[in-house]
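Step one of this worksheet: look at the structure below.
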Amino acid sequence: MNQTFRPGPAVRGTLTPPPDKSLSHRAALLGAMSSVPVHVTNYLGAADTRSTLDAVAALGAGIRHGDRRGELVIDGPGLRGARPGAAIDVGNAGTLLRLLPGWLAGQPAGGSWTLDGDESIRRRPVDRVATPLARMGAQLDARDGRFTPLSVVARPLRGIEYALPVASAQIKSCVLLAGLLAEGETTVVEPEPSRDHTERLLTAAGAGVRRDGDRITVSRLDELGLDAVHVPGDPSSAAFHAAAAALVPGSALRIAGMAGNWTRVGFFRILERMGAPLRGELETRATAAPGAEPLAELELEHGPLHATRVTADEVPLAIDELPLVALLGCFAEGETVVEGAAELRFKESDRIATVVDGLTALGGDLEATADGFAVRGTGGLRGGTLHAHGDHRLAMLGAVAGLASREGVEVVGMEAAAVSYPGFAADLAALTG
């Protein structure tokens, strides 16, 4: 589906972002691993998160939907009760693909599963989770050693210490979940902090997660007992409307009910640093509370932007929003540089190549590097056509670019936005009147 976004009126009003995708995935998985039924509220209804519900159902979880949107009860098979023999279709859900093997690998001996997905998933490597799991004693077999289909055969696991080669919440979470089923202790060492939703949920479920600086440790458990989970609004989804407000003159946007977790709001700190007027309290590392997911309410307006440099230590805290930093850089004074972001090449598309090529085609002045990009601000974008390449964040990027451009942008493949944010176009239209 192609959709054209014209140079728009101001972005004004209040946005309540859709439920957080990362937390929805984890709530479903940890809910299925729990020994008691788990009541989840505000679960995201999108293609990716439906794939996770379908996966845990195939593994033996009962899913009861409540009367309110996003309300459900997950009555799972427990930590060691995953139903063997299931073929799991992860769809386009990279988080599911990388977290689920950690649970399955340590199930009672004899169980086996096959994970596969759509064309995009088949291009995304799984060796980064297969490597540490193999060190723990897991038996996995991937196509060409790197890609789906991925088979997992349950075996006894042993705890290890694993230093992540790159900061990744998905790899970290996979190893920690496997650690719950392994003999001894399992420790993950992060090169930089990454999203900590898994650690918070495990703490809430009684897993006794220990953190010492950049080291996170879990021990073997008999069972998990997760309590009710409320999923707050998704900062990664809110970021697109925030960027539109920062770029379109006369805009004034309020964002309510959004997750304020310090490991998720790196983009808003970058946006503020680039000059966008922003008011509101965001969690800092010093104030983070184990097991709790804070909420944030922000107000921001249009303002003149100036260039910035995003360094490697900031990348894990804003990984999904870095395409928006490239867009902001097109309108900012000076040269905006993102470095240490090679992980962007392993998303739904190669987001370094697709973002640089896409915005260049709209009139931007960008250059790709091995681990990021450089953007020379030209005061704006002409407009034109942007191909989403099946990437939901690229589709939404094109929409925001169209509002801020001089001539508008036609997004080819706008339906990709439904992977994480089915109501994106409607919300954007409501905010622009």
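Values reported hereafter were calculated over all heavy atoms of this structure, with side chains retained and with hydrogens, waters and symmetry mates removed.
For the side-chain hydrogen bond (donor to acceptor under 3.5 Å, both in side chains) with Arg195, the lone residue among Thr263, Asn261, Asp320 that qualifies is Asp320. A salt bridge (Lys or Arg N to Asp or Glu O under 4.0 Å) with Glu314 is found for exactly one of Arg309, Arg273, Arg269, namely Arg273. Applying the side-chain hydrogen bond (donor to acceptor under 3.5 Å, both in side chains) test between Thr52 and each of His25, Lys21, Arg26 identifies His25 as the sole match. Across Val129, Val126, Ile88, a single residue satisfies side-chain contact (heavy atoms from CB on, under 4.5 Å) together with Leu97, and that is Val126. Screening Thr336, Val400, Val355 against Leu327 for a side-chain contact (heavy atoms from CB on, under 4.5 Å) leaves a single residue, Val400.
Taking a cutoff of 4.0 Å between a charged side-chain nitrogen and a carboxylate oxygen, Glu321 and Arg393 do not qualify as a salt bridge. Note on Arg264 versus Asp234: salt bridge recorded, some NZ/NE/NH1/NH2 to OD/OE distance being below 4.0 Å. The existence of a salt bridge linking Arg122 and Asp116 is confirmed by a sub-4.0 Å separation between a basic side-chain nitrogen and an acidic carboxylate oxygen.
Summarising the geometry of Ala276 relative to Ala246, their closest heavy-atom pair is CB-CB, 4.1 Å, with the distance given to 0.1 Å. Taking every heavy atom of both residues into account, Ala32 and Ile74 meet most closely at N-CG2, 3.7 Å.
Side chain of Thr308 to main chain of Met274: no donor-acceptor pair is present (N/O by atom type, distance under 3.5 Å, no hydrogens or angles). Side-chain atoms of Asn42 come within 3.5 Å of backbone N or O of Val231 as a donor-acceptor pair. A side-chain donor-acceptor contact under 3.5 Å links Thr432 to the backbone of Leu428.
Under the salt bridge (Lys or Arg N to Asp or Glu O under 4.0 Å) criterion, the residue pairs touching residues 202-224 are Glu161-Arg215, Glu183-Arg220, Glu185-Arg210, Glu190-Arg211, Glu199-Arg211, with sequence neighbours excluded.
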Please report, to 0.1 Å, the donor-acceptor pairs under 3.5 Å made by any side chain of residues 409-426, with sequence neighbours excluded.
{"unit_1": "Glu410", "atom_1": "OE2", "unit_2": "Asn2", "atom_2": "ND2", "d": "3.4"}
{"unit_1": "Glu415", "atom_1": "OE1", "unit_2": "Met1", "atom_2": "N", "d": "2.5"}
{"unit_1": "Ser420", "atom_1": "OG", "unit_2": "His392", "atom_2": "ND1", "d": "2.7"}
{"unit_1": "Tyr421", "atom_1": "OH", "unit_2": "His241", "atom_2": "NE2", "d": "3.0"}
{"unit_1": "Tyr421", "atom_1": "OH", "unit_2": "Asp427", "atom_2": "OD2", "d": "2.6"}

Below 3.5 Å, can you tabulate the donor-acceptor pairs from side chains in residues 59-72 to any protein atom, sequence neighbours excluded?
{"unit_1": "Glu71", "atom_1": "OE1", "unit_2": "Arg68", "atom_2": "N", "d": "3.4"}
{"unit_1": "Glu71", "atom_1": "OE2", "unit_2": "His39", "atom_2": "NE2", "d": "2.9"}

Listing, residues 173-181 side-chain donor-acceptor contacts under 3.5 Å, not counting sequence neighbours, or none:
{"unit_1": "Ser173", "atom_1": "OG", "unit_2": "Ala169", "atom_2": "O", "d": "2.7"}
{"unit_1": "Ser173", "atom_1": "OG", "unit_2": "Thr198", "atom_2": "OG1", "d": "2.6"}

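Expressed to the nearest 0.5 Å, how far CG of Leu202 lies from CG of Leu30 amounts to 5.0 Å. With rounding to the nearest 0.5 angstrom, the OG atom of Ser405 is 10.5 Å from the CG atom of Leu247. Atom OG1 of residue Thr287 and atom CG of residue Leu282 lie 9.5 Å apart, to the nearest 0.5 angstrom. One distance of note links CG of Asp127 with CG of Leu140; it measures 11.5 Å at 0.5 Å rounding.
Residues that satisfy the side-chain hydrogen bond (donor to acceptor under 3.5 Å, both in side chains) test with Thr49, not counting sequence neighbours, are absent from this structure. Looking at residues two or more places apart in sequence or on another chain, you find no side-chain hydrogen bond (donor to acceptor under 3.5 Å, both in side chains) involving Ser34.
Asp227 CG: 12 or fewer foreign heavy atoms inside a 6.0 Å radius.
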